[in-house]
Number of protein chains: 2
Amino acid sequence: MPNPRVVSLDKIKVACQNCTLSALCLPLGLKEADVEKLDQIVKRSRPIQRGEALFHIGDPFQNIYAVKTGSFKTFVQSADGGEQVLGFHLPGELIGLDAILDNQHGCSAKALETSSICKIPFLQLETLATQLPSLQHQVFRLMSGEISKDTNMLMLLGNRSADERLATFLLSLSRRLAQRGFSATEFNLSMSRHDIASYLGLAVETVSRLFTRMQQEGLLQVDRKFVRLLDMDRLDELCEKNPHCHGRQLLP
Amino acid sequence: MPNPRVVSLDKIKVACQNCTLSALCLPLGLKEADVEKLDQIVKRSRPIQRGEALFHIGDPFQNIYAVKTGSFKTFVQSADGGEQVLGFHLPGELIGLDAILDNQHGCSAKALETSSICKIPFLQLETLATQLPSLQHQVFRLMSGEISKDTNMLMLLGNRSADERLATFLLSLSRRLAQRGFSATEFNLSMSRHDIASYLGLAVETVSRLFTRMQQEGLLQVDRKFVRLLDMDRLDELCEKNPHCHGRQLLP
DNA sequence: CGTAGCTTTGAAGATTTTCAACCTTAGTGG
DNA sequence: CCACTAAGGTTGAAAATCTTCAAAGCTACG
C-alpha cells in the first residue's frame, strides 16, 4: 500500500481540502502544477461563527471567497431593516464574484452556521490567470456558471407558484449537497424560514404552511431544521411545470 | 478644424461604431492599441430581421454577441410551447455570457426588431485576454456586471408588487437607453406585452391593466408601443419601496 | 426557569390570475 | 381600395393564491 504522502497527487488533495481545487478547479481544466501555484495565493482563514459577517455591502472588493465548510447567505438590507436574501452558498461555492465591476461588494454575506472559507485575493488571481490560460478559462467558466445560476432563479421566481418554488429550492439544495458527497435526501436547513421565504419571494407564513402541507402529502418529512425528502419524483414534477400554467391544478 | 480621419482617436470611434468599444471597453480600461487588436477579431454581421434567431438553446457556444442597433430577447421554451423571457438586450449590451460553462447556449435569443450585432469569437477573445491583462480585467468586469444585473432582477421579482415591477422595468429601460444617448423619457417598447409580462412574472392582462392605470394616474402616457414617462419622481418612489411592504398602500 | 426569537396555525383581506369576450392593428388578397 | 383574418391588446367579473394580521406554541439559550 503506497504512502499517499509521497505521490504528487497528494498536493491536489491538500489543495482540495483548502477548497481551492473544489471551487476553482473541480470542473476539470487545471494542470497539477498550476493547482500548486494557485494554492500558493489562497489564504487560509479562521473559522467563522454563525451570524458573523464575511463582508458588508459597500466594503471595498479585494477577495473572492470559497466556502470550505458550513454555509452563508448573501443579502441586502431594506429600508425598514428587513433583509432581502439573494442567495445561499454551500461548500465548494464562491461568494463575491458580483463585486468586480464596481470594485465594492453589492451585498452583505453572513455565516448561517460555524463555517470556514478560503480567501482568494482577486488581484493575484487575475495576475496568475494571465500567466495560466487554463486558469483564466476556469474563472470565466465559474463566472458564467454564476450567471446561469441567477438565470435559473429568474425562471423560478418569474412565473411559478409557491409550491413549485419551495420544491425547486429543496431539490436545488439536494443536488448541490449531493455534489459534495452529502446525502441528497436528508439534510439540515441552516437558514431560517424567514430566509427561505425572503429568497423565494414568499411570506414566512406561506413557507411554513407549505412545509406542513408537503409533509401531510407525503412529499417530505420535516422536523425543525431537519428535512428528509421522501418522494423525489413528485417533487421533480412540481419543478418541471410549465411556467405559464402555474401548476395550480396539481394540488387539491 | 482638424480632419478626424488622421487622428488615432478615430480608430476608437470606428471600433465604437462596431460596438466593440461600447460593449467591451466603454467602462474604461483598454488602451487604444489594444482596442485595435480587439477590433481585429470582431466579425461584422448582416442585419437581423425581427423574429429572427441569433442562436437557439442547445446550440454549441462559439461567440458572444454585442448588440449594435435594435434589440433582442433571450428566453427558454416551456413544455406547452409558451416562452419564459429571461432578458432584453439593448444596444451596447452583451448576449451569450452564460454559455461558457456548459459550452452551449442555455437559452435562445431572438431579434425584437431589425437589429445589427457584432460577433466576438470567444476562443479568440480568451487568447487575446491572456496577452492583454487589461482586456482580461475588462471581461471579468463585464461578467461581474452581468451577475449584478441578475441579482437586481432577483430582488425585483423576489418581493415586489406588480406596480413596482413595471415601474422598475420602465426605469431600467429608460436608464439603459439614456446611457446610449437615447431619450430617457420617450421610447418605443420593442417587446410585446406578453414578453413584458413573462419577464416580470405577471399575467399579460395585469400588465395591460397597469399601463392603463398608470396612464390614468398621470405617471406616463402610452400608445401601443410608444411610452412617454411623465412623472419620473413618482416612478422612482415605486421602485424604492421596501421589499417587505409591497408598497400596496401607495396606490388607491 | 423564563424570556426572546422563531415557527406554526387560523381567518380575513387583497392582489393577481383566470376565463371570456371584445376591440384594435397589421397584413393579405380579392 | 376595401374587406377580411389573425395576432396582439384591452376590459370586466369571478376565482384563487398569497399576504396580512393576530395569537398561540415551541425551542433555545442565558
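Naming: A, B, ... by sequence-line order, numbering from 1 per chain. Keep in mind that this is a model prediction, so the values were computed, not measured.
- When rounded to the nearest whole Å, the span between CG of B:L202 and P of D:dT10 equals 14 Å.
- Between the CZ atom of B:R213 and the P atom of D:dT11 there is a distance of 13 Å, given to the nearest Å.
- With sequence neighbours excluded, no residue forms a ring pair (Phe, Tyr, Trp, His ring centres under 6.0 Å) with B:F187.
- Between the C1' atom of D:dT17 and the CG atom of A:L166 lies a distance of 15 Å, rounded to the nearest Å.
- Under the ring pair (Phe, Tyr, Trp, His ring centres under 6.0 Å) criterion, A:F169 pairs with A:F88, A:Y199, sequence neighbours left out.
- Between B:D223 atom CG and D:dT10 atom P there is a gap of 10 Å when expressed in whole angstrom units.
- Rounding to whole angstrom units, CG of residue B:L238 and P of C:dT15 are separated by 14 Å.
- Not a single ring pair (Phe, Tyr, Trp, His ring centres under 6.0 Å) links A:F72 to another residue, sequence neighbours left out.
- If one axis is set at each end of the helix from C:dC1-D:dG30 to C:dG30-D:dC1 from five pairs, those axes are 30° apart, to 10°.
- Residue pairs meeting the side chain to side chain donor-acceptor pair (under 3.5 Å) criterion with at least one partner in residues 53-66 of chain A, sequence neighbours excluded, do not occur; the list is empty.
- A side-chain donor-acceptor contact under 3.5 Å links B:S190 and B:S71.
- Shown here are the side-chain hydrogen bond (donor to acceptor under 3.5 Å, both in side chains) partners of B:K149, two or more places apart in sequence or in another chain: B:E146.
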Per-nt protein contacts along nucleotides 7-13 of chain C (heavy atom under 4.0 Å; B base, S backbone sugar-phosphate only, - none) come out as SBBBB--
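- Taking atom CD of residue B:Q216 and atom P of nucleotide D:dT10, one finds them 12 Å apart after rounding to whole Å.
- Within the structure, the salt bridge (charged side-chain N to carboxylate O under 4.0 Å, His left out) test picks out the following pairs touching residues 219-230 of chain B (sequence neighbours left out): B:E186-B:R228.
- Rounded to whole angstrom, the span from the CZ atom of A:R160 across to the P atom of D:dT17 amounts to 17 Å.
- Residues satisfying the ring pair (Phe, Tyr, Trp, His ring centres under 6.0 Å) criterion with A:F211, sequence neighbours excluded, are absent altogether.
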